[in-house]
**Student:** 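I have a structure here, written as structure tokens, and I will follow up with some questions on it.
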Amino acid sequence: MLTEPAPQTMRLSLPLILLLLGAWGIPGDLGDRAPLTATAPQLDDEEKYSAHMPAHLRCDACRAVAYQMWQHLTKAEAKLHTRDPGGQQELSESVYTDVLDRSCSQTWEGYGVREVNQMKRLTGPGLSKGPEPKISVMITGGPWPTRLSMTCFHYLGEFGEDQIYEAHQQGRGSLEALLCGGPQGACSEEASATKTEL
């Protein structure tokens with residue numbers, strides 16, 4: 001003769017049944033979503049070993065340098081307690097020269113290379129442009145900090161601290177246009193095809 005299980009046994013098996021049903025997945029739950037995958041960008045020999053910034057990444061590098069110069073100068077100006085007659089905060093030549101030198105000598109943490117729409121791009125602070133991928137792998141460290149520092153010092157030598165600070169005072173866009181724009185700038189169409197190593 002069969003007897004019914006004790007009520008206490010039934011109470012314990014109901015949570016167990018619910019747990020098992022959750023493990024199998026309920027339609028519309030996480031079980032029916034495609035898994036997210038990402039792979040590290042495959043770097044070529046130039047990207048791995050060259051001391052110079054690869055040509056296809058120079059525009060991104062220039063924009064990163066312009067952003068970091070702007071950030072460092074803006075922070076230094078925010079610390080000032082005096083303003084010029086127009087109400088703007090203005091750094092002395094010795095201060096902005098030092099600030100620009102420090103912006104180029106920094107560690108350049110947070111910058112690296114990742115693939116975006118099957119293209120390798122330099123990514124990091126100040127470089128976000130357009131929608132971000134849901135998942136990606138970024139390669140940081142290695143040669144990238146040195147290349148960014150060299151690129152930064154190159155622009156300091158090419159344009160000089162005075163001209164860079166003057167452009168900064170007109171806004172971030174003006175600074176980026178000075179460093180990266182123009183017919184021979186790193187972000188011009190012709191420059192990407194014809195410019196030799198930095």
**Student:** Considering only the SG atoms, does C180 lie under 2.5 Å from C187?
**Tutor:**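 Taking the criterion (SG atoms under 2.5 Å apart), C187 and C180 fail it, so no.
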**Student:** With a 4.5 Å cut-off on side-chain heavy atoms, are L148 and L122 touching?
**Tutor:**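 The answer is yes; the side chains approach within 4.5 Å.
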**Student:** Just by modelled atom types, is the S94 backbone N or O under 3.5 Å from a matching donor or acceptor in the T97 side chain?
**Tutor:**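 Flag not set: sc T97 to bb S94 has no pair under 3.5 Å.
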**Student:** Does the side chain of Y111 come under 3.5 Å of the side chain of Q68 through a donor N or O and an acceptor N or O?
**Tutor:**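 Present: a donor and an acceptor within the cut-off.
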**Student:** Is there side-chain contact between S50 and R147, with at least one heavy-atom pair below 4.5 Å?
**Tutor:**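 S50 reaches R147 side chain to side chain.
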**Student:** Side chains of Y96 and D162: closer than 4.5 Å at any heavy-atom pair?
**Tutor:**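 Yes, their side chains come closer than 4.5 Å.
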**Student:** Is any side-chain heavy atom of V113 less than 4.5 Å from a side-chain heavy atom of T123?
**Tutor:**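 Of all side-chain heavy-atom pairs linking T123 with V113, none is under 4.5 Å.
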**Student:** Looking at side-chain heavy atoms only, is the closest gap between Q163 and L178 below 4.5 Å?
**Tutor:**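 Contact flag for Q163/L178 side chains = yes.
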**Student:** Determine whether P145 and E109 make a side-chain contact, defined as any pair of heavy atoms from C-beta on separated by less than 4.5 Å.
**Tutor:**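 Not in contact.
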**Student:** Do the charged groups of E115 and R121 touch, with an N to O distance under 4.0 Å?
**Tutor:**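 No, E115 and R121 are not salt-bridged.
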**Student:** Return yes if some donor-acceptor pair links the side-chain N/O of S188 with the main-chain N/O of G185 below 3.5 Å, else return no.
**Tutor:**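 Flag set: sc S188 to bb G185 pair under 3.5 Å.
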**Student:** Side-chain contact test, heavy atoms from C-beta onward, threshold under 4.5 Å: evaluate it for W144 versus M53 and give yes or no.
**Tutor:**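 Answer yes - side chains close enough.
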**Student:** Just wondering, do H168 and E77 contact through their side chains at under 4.5 Å, heavy atoms?
**Tutor:**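 SC-SC contact between E77 and H168 confirmed.
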